Amino acid sequence: MPELPEVETIARTLGAEATGREILRVEVRDPVALFPDPAGFQALVTGRRIESVGRRAKLLLLDLSPLGGDGGARIAVHLRMTGRVFVLAPGMETDRTRAVLHLSGGQRLAFADLRRFGSMHAFPVGGSADIASWPFYASLGPEPLTMAADEFRARLGQGRARVKALLLDQSVVAGIGNIYADEALFRAGIRPDTSAGQIPPDKRDALFTAIQAVLTQAIAENGSSIRDYRDAHGHAGAFQNHFRAYGRGGQACLACGETMCVMRVAGRTSTYCPRCQPAPKN
DNA sequence: ATTTGTCCCTGCGGGC
DNA sequence: TGCCCGCAGGGACAAA
């Protein structure tokens, strides 16, 4: 499942290949994947050059050059669960392809998505249809790798909301999903259902440090490949080999040997060690 | 007001 | 062997 490290890896591998190329044509294979709609998407991006490829939260962002004196455009790719973005080698095809961007130099970018939850969105830069007008984008909280520790402490708040629900809430902090939430909470020794209000400042700092460490190491390992995730070259990541919590329910804790437990928090399966992550005093 | 549940979609693994 | 069921999960949306 692409979270921040996976999208960051795709952005880097894709940027190295696609930067500077012009979008000649958009091949629509699944019309419901494109926003505002297939015709609007094509009109917004065709004829523009890809100036850079980046990331915001779990969104892959392609910045496109101005055309006809306008302010430029951008594409946001939301991969959701099973979305993939590939640079297609000549003659190569992919399964479950929803759209193909035909670029200059004969290059093709494929957007494939088995479960079809993902989407590609095109926006003009500036004006009322700017990406800032997209409610989801506007609601995104700060990036965990660049925000300050005191802001993270403050954003957890003093309420009864469970800490894992806050980590998964993209308006609190952006880019964390179920894998990295579980991994960070394990490393910080905090049970997922702990109310934020009863986490003292030093524990908040430990959690923030754990989040940054886990995300940084995952990026260095090119992300986690459970099943579907691959980078723009089709290569798998390696951070799944470093999981200490995610998917380890019923197995021995790597720190203390206790059997790892599973609970549901915010509708998500959450794995934790009952000894290393003691029960909150609710 | 917060928070929980349902839906979207498809493949896979467990159970019988 | 084969079928059925539940699970995986980000986010929109509805409901309690």
Side-chain angles (χ1 to χ4, degrees), chain A residues 1-8 10 29-37 55-61 76-85 94-99 111-121 131 133-141 143-144 155-185 192-198 211 215 218 223-230 236-237 239-240 243 245-251 260-272 280 282:
Chain A
M1 304 93 216
E3 302 179 27
L4 187 154
E6 289 74 36
V7 180
E8 181 67 30
I10 294 170
R29 305 265 188 100
D30 182 359
V32 303
L34 300 178
F35 291 83
D37 55 69
R55 177 196 61 77
R56 169 79 170 110
K58 301 172 190 172
L59 294 170
L60 181 71
L61 297 177
V77 186
H78 202 332
L79 299 170
R80 293 287 191 123
M81 308 298 302
T82 54
R84 297 176 171 189
V85 174
T94 49
D95 283 340
R96 312 289 180 166
T97 302
R98 308 187 73 195
F111 170 48
D113 186 12
L114 186 151
R115 273 186 234 173
R116 302 171 65 205
F117 282 11
S119 49
M120 295 181 89
H121 305 250
I131 194 169
S133 69
W134 185 15
F136 171 68
Y137 190 88
S139 74
L140 291 173
E143 289 286 328
R155 280 183 165 264
L156 288 186
Q158 299 295 335
R160 289 179 304 278
R162 291 159 306 173
V163 60
K164 178 160 174 182
L166 295 176
L167 294 184
L168 294 176
D169 184 341
Q170 301 298 296
S171 70
V172 174
V173 54
I176 298 173
N178 204 34
I179 292 174
Y180 298 104
D182 273 9
E183 293 298 317
L185 288 166
D193 61 342
T194 309
S195 291
Q198 58 188 11
I211 289 168
L215 294 176
S224 304
S225 290
I226 308 292
R227 181 174 303 171
D228 296 283
Y229 163 71
R230 296 292 185 274
F239 191 70
Q240 68 277 8
F243 288 168
Y246 180 83
R248 301 199 70 253
Q251 300 180 42
M260 301 285 285
C261 294
V262 170
M263 67 165 75
R264 282 189 87 80
V265 178
R268 302 284 173 258
T269 298
S270 305
T271 309
Y272 67 99
N282 280 318

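A, B, ... follow the sequence lines: proteins, then strands. Residue 1 opens every chain. Please read all numbers here as calculations on a predicted model, not as lab measurements.
Rounded to whole Å, the distance from CG on Leu79(A) to P on dC9(B) is 18 Å. For the pair Met81(A) CE and dG11(C) P, the computed distance is 10 Å after rounding to whole Å. Computed from coordinates, the Leu4(A) CG to dG10(C) C1' distance equals 14 Å when rounded to whole Å. With rounding to whole Å, Arg84(A) atom CZ is found 20 Å from dC9(B) atom P. Atom CG in Asp113(A) sits about 13 Å away from atom C1' in dG11(B), given to the nearest Å. Arg96(A) has its CZ atom 9 Å from the C1' atom of dG11(B), to the nearest Å. As rounded to whole Å, 18 Å separates atom P of dA8(C) from atom CD of Gln240(A). Nucleotide dG11(C) holds its C1' atom 17 Å from the OH atom of Tyr137(A), rounded to whole Å.
Paired with Leu59(A) under the rule side-chain contact (heavy atoms from CB on, under 4.5 Å), one option of His121(A), Gln170(A), His78(A) passes, and it is His78(A).
Taking the side chain as every heavy atom from C-beta outward, Tyr180(A) and Glu6(A) approach each other to under 4.5 Å. Using a 4.5 Å heavy-atom cutoff, the side chains of Lys58(A) and Leu79(A) are not in contact.
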## Note on the structure
With sugar-phosphate taken as primed atoms, P, OP1 and OP2 and all else as base, the protein-contact string of nucleotides 2-7 of chain B at under 4.0 Å (heavy atoms; B, S, -) is -SS---

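For Lys58(A), whose side chain is taken as the heavy atoms from C-beta onward, the closest listed nucleotide among dT10(B), dG10(C), dA8(C) is dG10(C). In the set dA8(C), dC9(B), dG11(B), dC9(B) carries the atom at the smallest distance from any side-chain atom of Phe117(A). The side chain of Phe136(A) approaches dG11(C) more closely than any other nucleotide in the set dG11(C), dA8(C), dG11(B). Of the listed nucleotides (dG11(C), dA8(C), dG11(B)), dG11(C) has the atom at the smallest distance from the side chain of Arg80(A).
An OP1 or OP2 oxygen of dG11(C) is reached within less than 4.0 angstrom by a side-chain nitrogen or oxygen of His78(A). In terms of phosphate contacts, Arg116(A) brings a side-chain nitrogen or oxygen within less than 4.0 Å of OP1 or OP2 of dT10(B). Close to dG11(C), at under 4.0 Å from its OP1 or OP2, lies a side-chain N or O of Gln170(A).
Of the charged side-chain nitrogens involved, none lies within less than 4.0 Å of a carboxylate oxygen, so that Arg80(A) and Asp113(A) do not count as a salt-bridged pair.
With hydrogens and angles left out, the side-chain atoms of Thr269(A) and Arg264(A) include a donor and acceptor closer than 3.5 Å. Counting only N and O atoms by type, the side chains of Ser224(A) and Tyr246(A) include no donor and acceptor under 3.5 Å apart.
Between the side chain of Arg155(A) and the backbone N or O of Val172(A), at least one donor-acceptor pair lies under 3.5 Å.
Contact annotation for Thr82(A): no contact, since no heavy-atom pair falls under 4.0 Å across all strands.
A residue-by-residue look at Thr269(A) and Trp134(A) shows that Thr269(A) has its nearest nucleotide of DNA chain C further toward the 5' end.
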